[in-house]
Number of protein chains: 2
Amino acid sequence: MSQGNTDVPGQLKTLADAQALIESGQCPIPPREILDRIAGKWAIQIIVVASRGPVRFTELERTVEGVSRRMLTLTLRNLERDGMLERTVYPTVPPKVEYQTTPMALELYEALLMVTNWSRKHSACVALARENYDRRLNEEASSGSSMTPTKIGVAM
Amino acid sequence: MSQGNTDVPGQLKTLADAQALIESGQCPIPPREILDRIAGKWAIQIIVVASRGPVRFTELERTVEGVSRRMLTLTLRNLERDGMLERTVYPTVPPKVEYQTTPMALELYEALLMVTNWSRKHSACVALARENYDRRLNEEASSGSSMTPTKIGVAM
DNA sequence: CGGCATCCTTCGGGATACTG
DNA sequence: CAGTATCCCGAAGGATGCCG
């Protein structure tokens, strides 16, 4: 349980690395427990806001648009429990509580930037693929089934 | 709608880039529609398996452990609709259907490898943070509330 | 083999009201 | 201000059965 452990057992840079992991029987994808955390409707947004410096509860409530009191609290608790947020309570009256991201959370945020880049790069392509798919569904509804191997996809 | 568009409007390499995006009023995180896709319980696993070459429906059913027929079909349809999978039907009897990932999906997979790396690097730290958090909860249950600013987090 | 249709359960998450 | 507690709903997902 040493602290300064910044080594990754084996960096995965390419798909080949992932394949190798599979061969060795290990998991090449983020564990569900992690994905479920960031998959929640609010976790990432909270991390983004809290990465800009200490932020108070009510500030978050206003900034993270659409979040309910309940979900804000729940998500904050989970993130805190996972060591992604640091919660500081000032025992004043009225109470003041500040949240800010840990370095670990910032690293996750940076990793997620790759996903952001992907979506920015391919969002148009996804939209086009959907149009094609939906249109084919309609056409297929009128005509009979085709006799040749069917490939549905969008040209890249 | 040109095809060979491999340019990203603005590559996000650092948190500073993301901050800049925020200033300009743009979204620094992957859109929900994308996150929701990969957040599903099975999408990523399917992409991983299908990235190794054409794979048949029943093969997926056996490989992706725990998936139900229903969810496998649903997830495959969604991925296909988004242009992440290419579905090939051989009109033989009995029918044969093969799925394989598109280049776009492979790029997403590679982006997710960063998240995988993150979780491999920090999983122990997260586990430790949870233990600390849970232990503090118990201690706090017995004693009164503390009078000094409380910081709950794990040393990094 | 590769689905789709149906039913049912679980859980994330919203609305609202109360509290130290 | 910063929460907790309760109720409720819709969507995700599991189980099962039928079908071309």
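Proteins get letters first, then strands, A, B, ... in listed order; numbering begins at 1 in each. Because the structure is predicted, anything quoted here is derived from the model rather than measured.
Salt bridge status for B:Glu80 with A:Arg136: absent, with no side-chain N to carboxylate O gap under 4.0 Å.
Computed from coordinates, the A:Arg37 CZ to C:dG12 C1' distance equals 13 Å when rounded to whole Å. The CG-C1' distance, from A:Leu72 to D:dG3, rounds to 10 Å in whole Å. Counting to the nearest Å, the C1' atom of D:dC1 and the CZ atom of A:Arg87 are 12 Å from each other. Taking atom CD of residue A:Glu65 and atom P of nucleotide C:dG13, one finds them 18 Å apart after rounding to whole Å. The CZ atom of B:Arg32 sits 14 Å away from the P atom of C:dG12 (whole-angstrom rounding). We find that CD of A:Glu59 is positioned 11 Å from P of D:dC1, with the value rounded to whole Å. A:Leu85 has its CG atom 15 Å from the C1' atom of D:dA2, to the nearest Å. One atom, CZ of A:Arg77, and another, C1' of C:dG13, lie 17 Å apart when rounded to the nearest Å.
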Produce a footprint string for nucleotides 5-20 of chain D: one letter per nucleotide, 5' end first; B if the base is under 4.0 Å from any protein heavy atom, S if only the sugar-phosphate is, - if neither.
-B------BBB----B

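Under the 4.5 Å side-chain heavy-atom criterion for Ile, Leu, Val, Met, Phe, Trp and Tyr, A:Met114 and A:Val48 are members of distinct hydrophobic clusters.
A:Asn138 places no side-chain N or O within 3.5 Å of a backbone atom of A:Arg135 that could act as its donor or acceptor partner.
The side-chain contact (heavy atoms from CB on, under 4.5 Å) test with B:Leu79 singles out one residue from B:Thr102, B:Thr101, B:Leu85, and that residue is B:Leu85.
Using a 4.0 Å heavy-atom cutoff across all strands shown, A:Thr73 reaches at least one base atom of the nucleic acid.
For the pair B:Tyr99 and C:dG3, the criterion of a side-chain N or O lying under 4.0 Å from OP1 or OP2 is met.
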